Amino acid sequence: MTTMKTITNTLTFSAVDPDAGLKKALTKSRADVIAEMNASGLKGRGGAGFPTSVKWNLAAAAKSDKKVVVCNADEGEPGTFKDRVILADFPDLVLEGMTIAGYAIGAKTGIIYLRGEYSYLRQPLEAAIEKRRAANLLGNDIAGKSGFSFDIVIRMGAGAYVCGEETALIESLEGHRGESRNRPPFPVDTGFMGNPTIVNNVETLAWAACILAKGGDWFNSMGTEQSAGRKLFSVSGDCARPGVYEFPLGVTIQEVLDDVGADDAKAVQVGGASGHCVPAGDFQRTLAFEDMPTGGSMIVFGQDRDMLEVAINFLDFFLEESCGQCTPCREGNEKLLEGALLLQEGRCSMGYLKNLCALGETMQLASKCGLGQSSPNAFLSIVDHFKDEVLGRTAMAPIEG
Amino acid sequence: MSDKSDTKQAASRAPVSQRAFTVEKPKDTTGIGSQVSITIDDREIKVPVGATILDAAKELGIHIPTLCFHDDLCVAGVCRVCVVEVEGQRTLQAACAYPVTAPINVKTHTRKVRQARRHVVDLLLSKHYGECYACVRNNNCELQSLAKEYGVDHFRFGHPDAPIYDPDESSYSVHRDMNKCVLCRRCVRTCIDLQEVGVLDAAHRGVESRIETFLDKPLADVVCINCGQCVNRCPTGALKANDPTDDVWAAIDDPAKHVVIQTAPSPRAGVGECFGLEPGIPLTLEMNTALRRCGFDRVFDTNFTADLTIIEEGTELIQRLHTALVQKEPVALPQFTSCSPGWVKFIEHFYPEMLPNLSSAKSPQQMFGAIIKTYYAKVNNLDPKDIVSVALMPCSAKKFECNRPEMNDSGYKDVDYGLTTRELARMISEAGIHLPEVPKSPFDDPFGQETGSGVIFGASGGVMEAALRSVIELVCGIKVEDLYDHADIIPVRGFEGVKYAEITVPDVGPVPDILAHLVPNWDWLKGATLKVGVCHGTANAKKVLDDIRAGGKFSECHFIEFMACPGGCLGGGGQPIPTTAEIRAARARAIYSEDDRSEVRKSHENPAVLELYGKFLTDGPCGEMSHKLLHTGYVPRGKYIP
Ligand SMILES: Cc1cc2nc3c(=O)[nH]c(=O)nc-3n(C[C@H](O)[C@H](O)[C@H](O)COP(=O)(O)O)c2cc1C
Ligand code: SF4
Ligand code: SF4
Ligand code: SF4
Ligand code: SF4
Ligand code: FES
């Protein structure tokens with residue numbers, strides 16, 4: 001299967017020497033590799049924005065000879081497709097990043113958890129892995145570094161969004177239901193098969209390779225104080241040039257919209273289904289961890305979009321994708337959806353809407369994993385920013401909650 | 001020792017999402033030991049590193065509500081009713097699942113916490129179809145208590161007005177009504193982790209999540225061993241035992257029927273809990289009176305056939321040993337006990353190739369049934385078809401057992417109904433009787449003379465201890481008391497999941513009359529070392545069987561006691577709810593104190609048993625008559641049921 005080439009602007013990844021990062025890394029001590037990562041200020045590109053060097057450091061400190069590096073290629077967030085582009089166009093950069101991570105934390109095993117729908121990428125990835133083995137960039141005594149062994153296998157996901165959550169991903173890798181674990185303990189000490197494990201996003205690993213090649217300071221000189229470097233964004237929806245774009249963090253939503261040709265946007269959903277809906281009045285806000293954190297999904301809504309429809313659509317998604325383990329997420333999303341449908345019919349009282357918003361807060365606070373915690377975001381932000389639109393439906397008899 | 005650590009250990013082999021977490025203890029650099037301080041609602045306490053917030057709160061006497069948490073099970077952290085605020089954390093944390101590894105500051109009833117808990121209860125109720133006044137768990141339901149605790153006065157997010165699922169009443173033992181299920185997964189963790197049977201699991205996802213059997217088959221058509229441990233740990237009425245009390249009342253009300261009840265040792269140690277007493281207060285003789293007042297014509301003690309079981313099973317063991325050691329012919333050893341019907345079904349499903357090791361002796365319940373409709377009927381001039389034989393058991397598997405098609409050697413259904421402790425307590429209440437205040441009365445003859453050995457059948461190790469007391473005396477010709485103080489064979493007692501003991505036969509005596517037809521002398525046992533094992537909970541049974549398969553030390557045993565339920569029968573699936581290690585330990589104390597008080601403490605000295613062999617089973621233990629009435633065969637069921 002092939003897909004149509006996705007529009008991209010110029011990506012830094014295309015201007016990095018192959019394996020320069022790995023070769024430099026292997027001349028350094030493990031601690032120095034992590035120090036370089038620390039200097040870069042790189043934070044996880046999967047959405048949560050956890051400092052990568054801190055994660056690597058914790059795993060490096062764990063005592064085990066069975067540590068694991070997992071590349072999270074599950075890319076399940078609606079509206080996200082930048083990892084797909086990276087895996088298709090720069091597979092070696094990702095494999096290199098994983099190898100560097102393996103060296104830094106002292107792991108011998110790397111696993112790519114590949115989204116089920118990306119199975120067409122498996123073969124090219126396998127080929128890239130094979131080529132690296134042949135070139136001694138995977139296997140034993142990698143690139144002549146005696147004692148450093150690392151290899152990579154691919155495991156397929158099966159279409160569950162929650163399996164992008166790192167502990168559910170690990171459960172899935174172990175052959176269990178895709179359900180998140182209790183944390184603590186965190187994967188860095190109890191991960192895959194109970195061994196210390198780092199789970200990193202595809203993009204994070206690709207940047208790690210760039211950082212080792214070009215230096216932490218190079219990376220840190222871009223972006224903002226708290227959000228170093230550049231990031232890939234997947235832009236879709238009502239715009240002229242949807243695609244994958246690279247920007248320095250700290251870019252405003254408006255700047256992105258200008259580039260993708262969205263002159264008439266009513267709102268942008270930042271961060272996918274689990275993100276927030278930003279109305280036009282807030283387009284000056286910046287895409288950065290300190291302002292609007294995101295894994296990179298931006299869905300543009302034009303003026304004629306029905307925002308309640310949008311909320312219903314997202315809730316439908318969560319209803320389907322909740323693993324069903326914990327009460328607030330399993331049942332809460334259904335209540336929110338029922339409420340949104342009542343709103344649509346003009347039959348939701350203000351009192352009940354207030355109840356639902358409080359329920360949304362509970363879901364954010366009390367759900368077991370990030371899926372449930374973020375599932376009410378879209379609904380709550382739409383109710384908040386588009387109150388008139390949401391409430392202004394032809395009222396039938398309101399029912400009390 | 002409590003069995004808690006053991007069940008927690010079993011849990012670590014379970015699916016990881018439900019697995020207990022292990023937190024490695026950080027190196028002690030501070031010199032304060034592996035303690036960490038935690039402040040809850042402004043009160044500080046030191047707890048061992050890795051203890052949960054819930055543990056710490058309990059220490060402080062601070063109540064945090066729970067639903068999916070259960071003391072016997074690994075942590076799930078799914079219901080979210082136990083959430084608390086931990087300073088510095090963006091989200092609320094599940095107190096049951098949060099190990100304390102560094103000093104933290106916790107608040108247990110802030111606005112956010114109260115709101116979240118109330119929402120969780122509201123959400124659960126929005127899916128819960130059930131009427132408390134028509135529910136077996138009315139007044140003993142954790143969901144109901146939570147609703148009360150959180151002031152639920154209306155259904156904030158609605159309430160189903162009709163059932164969604166058909167109840168599954170296919171099983172003789174356990175009924176499931178998923179309309180009342182709150183998806184806490186305690187049953188799943190019980191069946192997978194604690195029992196390692198694995199009948200129940202979470203299926204589907206999101207709002208479609210359900211607890212299901214394999215392919216959603218009826219419980220009767222899967223590998224359920226009927227142990228009822230899931231019932232004992234279900235917080236709601238979603239799981240319950242198949243309740244035959246209406247039929248029992250109907251029999252009592254029918255003047256043409258002669259209704260007898262045999263009562264096993266464990267219910268008397270537990271029934272008080274149903275009447276608000278502390279665990280561990282036996283109400284044996286009070287129960288006799290109450291049963292008569294309810295209308296049972298005769299009240300018998302299952303201990304009588306427990307003693308009979310010891311004689312039959314012990315004789316069978318001697319025969320097997322004789323075949324192996326003297327005739328040098330192949331014979332299945334070790335011999336396994338067969339009195340726990342959950343265990344019997346377990347081996348039939350999972351280790352059918354080891355069925356030859358299972359003693360052919362029936363369980364005490366079924367022996368009693370066969371004797372009542374034959375010997376007892378004859379002696380009392382009753383037509384067996386007019387006898388309704390009821391068994392009061394701590395067990396839900398006994399309900400299945402009495403319905404096994406082969407259990408009609410008397411020519412009738414040997415035991416008509418199996419009642420659990422909980423069901424009996426309801427019958428007694430229904431009759432307007434407050435059990436603890438009833439005067440005492442003895443069991444009915446001719447089976448009234450019980451022995452201490454029969455009583456201890458209720459505890460793990462009890463069957464083994466009873467068997468050893470008799471074997472030692474019958475073979476060695478000495479008193480057990482000469483070997484073990486007060487005849488308490490301590491090595492086989494206690495709650496460890498798997499026990500192993502060796503007992504050397506110091507000397508042999510003459511063969512007693514009752515066994516004279518089997519062996520000419522005991523010389524072949526002189527100096528022999530009898531190796532025995534004891535285990536409870538089928539997860540432990542599995543360990544032992546796997547050890548035997550692998551040729552480990554249990555393969556060299558001669559006799560092994562197996563009980564399906566953790567703690568033995570006193571922790572049976574028909575016992576009062578709730579159950580915890582502490583409660584089971586209290587019931588065990590009650591049972592051993594009954595043994596202590598017994599005048600006769602050895603099965604082979606039970607005069608009623610001796611009389612039965614003298615008058616009825618005249619060709620002796622394992623003779624033709626006893627083989628017809630007191631022994632049975634098994635079905636290799638396998639894991640797959642078409
Ligand atoms: C419901 C849910 C889905 C997620 N899906 C993904 C995903 O598809 N890809 C990804 O990289 N991270 C995903 N994450 C975030 C991961 O849990 C994890 O934080 C991330 O892989 C860590 O890598 P990073 O630090 O490099 O970003 C998801 C999180 C949640 C809660
Ligand atoms: S929040 Fe949702 S996805 Fe996460 S554990 Fe709970 S039910 Fe599962
Ligand atoms: S399960 Fe509990 S809450 Fe539900 S009907 Fe029964 S007693 Fe009431
Ligand atoms: S009765 Fe026992 S075997 Fe059957 S489902 Fe319950 S726990 Fe599992
Ligand atoms: S059946 Fe009972 S124990 Fe099992 S999940 Fe439902 S409520 Fe919990
Ligand atoms: S009791 Fe803690 S989450 Fe259920």
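Computed from a predicted structure; not experimentally measured. Every heavy atom of this structure was used, including side-chain atoms; hydrogens, water molecules and symmetry mates were not.
In terms of heavy-atom pairs under 4.5 Å with chain B, the best-connected choice from A:Gly324, A:Gly175, A:Ser367 is A:Gly324. With chain A as the partner, the residue from B:His204, B:Gln89, B:Glu208 showing the most heavy-atom pairs under 4.5 Å is B:His204. Ranking B:Leu124, B:Asp122, B:Val83, B:Val81 against chain A, the residue ahead of the rest is B:Leu124, based on heavy-atom pairs under 4.5 Å.
For B:Ser209, the part lying near chain A is the side chain, with the backbone staying farther off; criterion is any non-hydrogen pair under 4.5 Å. Heavy atoms closer than 4.5 Å to chain B are found in both the backbone and the side chain of A:Ala160. Looking at A:Glu321, the atoms closer than 4.5 Å to chain B (heavy atoms on both sides) sit in the backbone and in the side chain alike. Heavy atoms closer than 4.5 Å to chain A are found in both the backbone and the side chain of B:Ala116.
A donor atom on one side chain and an acceptor atom on the other are not found under 3.5 Å apart for A:Lys66 and A:Thr109. Side-chain N/O atoms of A:Asn72 and A:Glu166 include no donor and acceptor closer than 3.5 Å.
Here the rule is side chain to side chain contact (heavy atoms under 4.5 Å, CB included) with B:Cys82, and of B:Leu67, B:Thr66, B:Leu92, B:Val113 only B:Thr66 fits it.
Using a cut-off of 4.0 Å between Lys/Arg side-chain N and Asp/Glu carboxylate O, B:Glu212 and B:Arg210 are scored as not salt-bridged.
The backbone N or O of B:Arg186 sits nowhere less than 3.5 Å from a side-chain atom of B:Arg233 that would complete a donor-acceptor pair.
Aromatic ring centres of B:Tyr129 and B:Tyr165 lie farther apart than the 6.0 Å criterion allows.
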